[in-house]
Number of protein chains: 2
Amino acid sequence: MAEKDKVTIYDISKKLNISAATVSRALNNNPKISQKTKELVMKTAAKMNYKQNKLAQALKSGKTHNVGVIVPYINRNFFSSVIRGIEEELSPHGYHVIICQSHEDVNNEIKQIDTLLNTQIDGIFMSVAKTTQDTDHIEKVLKENTPLVFFDRKKDVTGLSSVTIDDFRGGYLATEHLIKQGCKKIAHFSGDLNLEIYKNRHEGYIAAMKDYGIEPIKEFSLQVNSKLESGASAIQDLWSEDEKPDAIFSASDYAALGAIQELKKMGVKIPEEVCVVGFSNEPFTKYMELPITSVDQTPVEMGRNAAKVFLEQIEGSKTLTIEKKVVLAPELYIRDSSNRNL
Amino acid sequence: MAEKDKVTIYDISKKLNISAATVSRALNNNPKISQKTKELVMKTAAKMNYKQNKLAQALKSGKTHNVGVIVPYINRNFFSSVIRGIEEELSPHGYHVIICQSHEDVNNEIKQIDTLLNTQIDGIFMSVAKTTQDTDHIEKVLKENTPLVFFDRKKDVTGLSSVTIDDFRGGYLATEHLIKQGCKKIAHFSGDLNLEIYKNRHEGYIAAMKDYGIEPIKEFSLQVNSKLESGASAIQDLWSEDEKPDAIFSASDYAALGAIQELKKMGVKIPEEVCVVGFSNEPFTKYMELPITSVDQTPVEMGRNAAKVFLEQIEGSKTLTIEKKVVLAPELYIRDSSNRNL
DNA sequence: TACTTTAGTGCAATCGATTACAAAATTATA
DNA sequence: TATAATTTTGTAATCGATTGCACTAAAGTA
């Protein structure tokens, strides 16, 4: 079969000696077309192996049935799981998911948004980069009347919906759990406080401490990258002081693991002397010999919900802008790294 | 800004009192347009916030600059890493990546291919599902003259390119390493032998054994799923016999981990009594307290290479069909689970 | 039988950009 | 100054599907 074998409605119309309009209507099951004609067209279309050109249809209708998803990196478990959720929810509705990576850089984010808008996607899902401060590029999307749904890492822009987990509660739960294990001097490894999620987790930590009558120590709140080495060196810093923590609540599983490895190296017993809790419930946390307690973010659910918000938005009346904030409940998975009552 | 604010070349042409053709040519830097006009058009376009409608362009040119990637599940580390490679290689060339999941089911694969072809993608990348036997749906892609590049899990279809790792060599390397650690009774956990990759790993295992003068025992070749429990129960099966292995080479990291956990439970010392090697170099393997030796598949590189093959294919003359088989070298990461000479 | 409905189709414009080909404007040449 | 050569721009068709409006043919009514 050669390249030019694409069958169009014109080919069908010629073969049947009817107009392309009739063919189009017949294929779309338009009530104005007689049953006979419809069946004839359908059969002929099938016989000729006709495939609708979605491109032409998209140009005419203005709907491509493509959505874009912008994430920092696609091969992080959390993000690929969210994307899985989005894909599985949208696929039955005929949408395709285009993926873009920001590499944690606003400039890439800006470019990606631009090219996505040019390709006429029907909507955008995104988790902003760490470096994103300004929201001009995001407001541009809003102005073009393209639905945008944030997930996990959002920015406050009026008119835009978001799906997140209750990070405050995640932080609170983790901290409360540690307190209930008898820990009092709980240190917190926070991520980049430019991101709401980390700020909220931190606030949850503070709130839990206060609720249980423990005054949080300032020196015990550290900003730590999501890397093993960062967690390890944070432990070194903490242990170089006189006052040492009896628990670590890390906003990142990676930093938590680094901390655990470093503590073991120093001969500190976990969870007897120090309890450790991470965040994200990365796959590896449950595989460890000393499985790590962690807060699950239900990423697939997050993706599904984001997709649902999007669908509501486009299926609703176009004039009405919906601003919906969906907040999912985080779940604490208690494992050996913090469980003293075995 | 209202929905209908999309600026077209006609809007520009009206504003400047010139034809749309001239505007189009000016924007495309056509040499037939005078410098003055070009600059005027450019400036006006920028001022009016003109954005090229890629859809219209795609309909005209027949090129959407979209490619589809079909994988079993997008949130498996290996697949999302390959996709990352594809995206990073193609993005600078103006391509967008659409992702599809087959959920390891041929029927979904068939549907995905159909809808991708309808949306006029410029190419398809795919790793077939475990259940894929028949290749009719794949040959259909070939007939439509749409480039298709397999990665990792391929099918032999003449005219189609693929990028894989040398699984035979991966199996050989792993087995050879075990032999060099002094192991003689090496068991192999194979995956679904319907997939070439597992067959090849198995053959590499057999070949290494024979090369080192060890006759492989049939009962030591088990078909084991890529799950912890499967690895664990395989160990139970093996240890219920008199003749027990002194090493496990698992074609899956998950099964390897399950095996390790089960062996530890039974009090078997690793690597002293039994050495274990996995496959895929999943992130968790290096994080374990007993890090697991594994064969790396260089997924990001695989994606990049697949993308390059695709680009060659479409940039080359259209009449010439390229069938390129790229085979990447796997790399063995030796870790504590099999390293006796510390 | 003559006229009104109604069902079923066709014509032609549209979505936005591209591009042969034709035509006009400009410059060069005699 | 008239004509040829060269630039520059415009006209109109095209990509494939959709749809308002017009029109034909068949059925219904008086």
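Every chain is numbered from 1 and lettered A, B, ... according to where its sequence line falls, protein lines coming before strand lines. On a predicted model such as this, the values are computed, not experimentally measured, just so you know.
- Between K130(A) and D105(A), no side-chain nitrogen of the basic residue sits less than 4.0 Å from a carboxylate oxygen of the acidic one, so the salt-bridge criterion is not met.
- For the pair I33(A) CD1 and dA7(C) C1', the computed distance is 10 Å after rounding to whole Å.
- Mapping K32(A) and L27(A) onto DNA chain D by nearest heavy atom places L27(A) at the nucleotide closer to the 5' end.
- Among the protein residues, T37(A) comes within range of the sugar-phosphate backbone only, with heavy atoms under 4.0 Å from sugar or phosphate atoms but none that close to a base.
- Of the side-chain N and O atoms in S19(B), none sit less than 4.0 angstrom from OP1 or OP2 of dT11(D).
- Note on S24(A): every side-chain N or O is 4.0 Å or more away from OP1 and OP2 of dA17(D).
- Under 4.0 angstrom from either OP1 or OP2 of dC15(C) there lies no side-chain N or O belonging to Q57(A).
- The phosphate of dG16(C) has neither OP1 nor OP2 within less than 4.0 Å of any side-chain N or O from Q120(A).
- With respect to R153(A) and E196(A), no salt bridge is recorded, no charged nitrogen being found less than 4.0 Å from a carboxylate O.
- Along DNA chain C, the nucleotide nearest to K54(B) and the one nearest to R25(B) differ in position, and the one closer to the 5' end is contacted by K54(B).
- Remark: Y50(B) is in phosphate contact with dA17(C), judged by side-chain N or O atoms under 4.0 Å from OP1 or OP2.
- Distance CD1 (I18(A)) to P (dC11(C)): 12 Å, rounded to an integer number of Å.
- Taking side-chain N and O atoms only, N28(A) has a distance below 4.0 Å to OP1 or OP2 of dT18(D).
- Residue S34(B) has a polar side-chain atom (N or O) positioned under 4.0 Å from OP1 or OP2 of dT9(D).
- Look at R76(B) and E104(B) and you find a salt bridge, because one of the NZ, NE, NH1 or NH2 atoms lies within 4.0 Å of a carboxylate O, short of that distance.
- Taking atom NZ of K14(B) as the reference point, atom P of dG10(D) lies 15 Å away to the nearest angstrom.
- Here the closest non-hydrogen pair linking F310(B) and D122(B) is CE1-O, 3.4 Å.
- Residue K325(A) qualifies as enclosed at atom NZ: its count of foreign heavy atoms under 6.0 Å is above 12.
- For the pair L59(B) CG and dT18(D) C1', the computed distance is 13 Å after rounding to whole Å.
- Between I12(B) atom CD1 and dT9(D) atom P the separation is 15 Å, expressed in whole Å.
- Within the nucleic acid shown, L55(B) has no heavy atom closer than 4.0 Å to any nucleic acid atom.
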